[in-house]
Amino acid sequence: MKAIEAKIKHALSDKGIKCQSVYKMPDLDDTRVLLAFNSKDNRRLTIRKIKNALTNLNGGDFKIPREFQRLSSAFLHLEVTFGSRTEKPVTPGAM
């Protein structure tokens with residue numbers, strides 16, 4: 001498992017969230033990570049719990065969609081985009 005995937009899985013585990021798998025999507029523009037959870041092990045899992053666990057990584061800004069997507073009757077997945085707001089916006093008066 002690569003560095004970012006291992007960090008995420010460890011951070012979720014530290015918060016008591018059982019993550020089935022972490023997969024970094026092959027994308028050159030940004031770092032997108034797919035998280036898969038077994039819904040039976042995580043009955044009270046919320047986006048807020050995941051966000052709190054990922055905030056503790058100190059990996060910069062990230063974006064999480066508002067809802068989980070269902071892979072099957074037993075698994076949920078969530079796509080997280082890291083580095084979503086790393087560049088500061090250019091203001092008109094800055095030039």
Side-chain angles (χ1 to χ4, degrees):
M1 192 180 296
K2 296 182 183 176
I4 188 76
E5 292 98 324
K7 279 183 169 181
I8 291 170
K9 197 159 189 174
H10 186 70
L12 292 170
S13 177
D14 285 350
K15 293 289 185 179
I17 301 170
K18 295 181 182 180
C19 183
Q20 195 70 22
S21 64
V22 179
Y23 177 72
K24 183 179 174 192
M25 306 290 277
D27 193 354
L28 299 176
D29 294 334
D30 56 2
T31 303
R32 293 184 308 143
V33 179
L34 180 70
L35 308 175
F37 305 95
N38 183 330
S39 58
K40 292 179 183 178
D41 292 334
N42 296 293
R43 293 193 184 274
R44 296 179 185 222
L45 185 61
T46 63
I47 299 291
R48 185 178 200 158
K49 288 180 182 179
I50 294 170
K51 191 173 186 176
N52 288 340
L54 296 179
T55 300
N56 292 337
L57 284 176
N58 296 324
D61 292 328
F62 56 90
K63 180 175 65 175
I64 299 178
R66 293 182 185 189
E67 68 276 336
F68 285 104
Q69 300 295 319
R70 191 162 288 285
L71 288 175
S72 69
S73 61
F75 288 95
L76 301 167
H77 87 269
L78 182 66
E79 188 176 308
V80 178
T81 305
F82 285 89
S84 61
R85 292 178 285 158
T86 56
E87 296 180 20
K88 294 181 181 178
V90 177
T91 57
M95 296 180 147

Measuring from [X]:[atom1] to [Y]:[atom2], what's the distance to the nearest 0.5 Å?
X   : Y   : atom1 : atom2 : value
I17 : L54 : CD1   : CG    : 8.0 Å
E79 : Y23 : CD    : OH    : 11.5 Å
R48 : I64 : CZ    : CD1   : 12.0 Å
Q20 : H77 : CD    : NE2   : 14.5 Å
E5  : L34 : CD    : CG    : 11.0 Å
L45 : L78 : CG    : CG    : 8.5 Å

State, with a plain yes or no, whether a side-chain heavy atom of [X] is found less than 4.5 Å away from one of [Y].
X   : Y   : value
K15 : K49 : no
L57 : F62 : no
V80 : I8  : no

Shortest non-hydrogen contact from K24 to I4?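 That would be CD-CG2, 4.0 Å.
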Backbone N or O of K9 within a donor-acceptor pair of the S13 side chain at under 3.5 Å? no
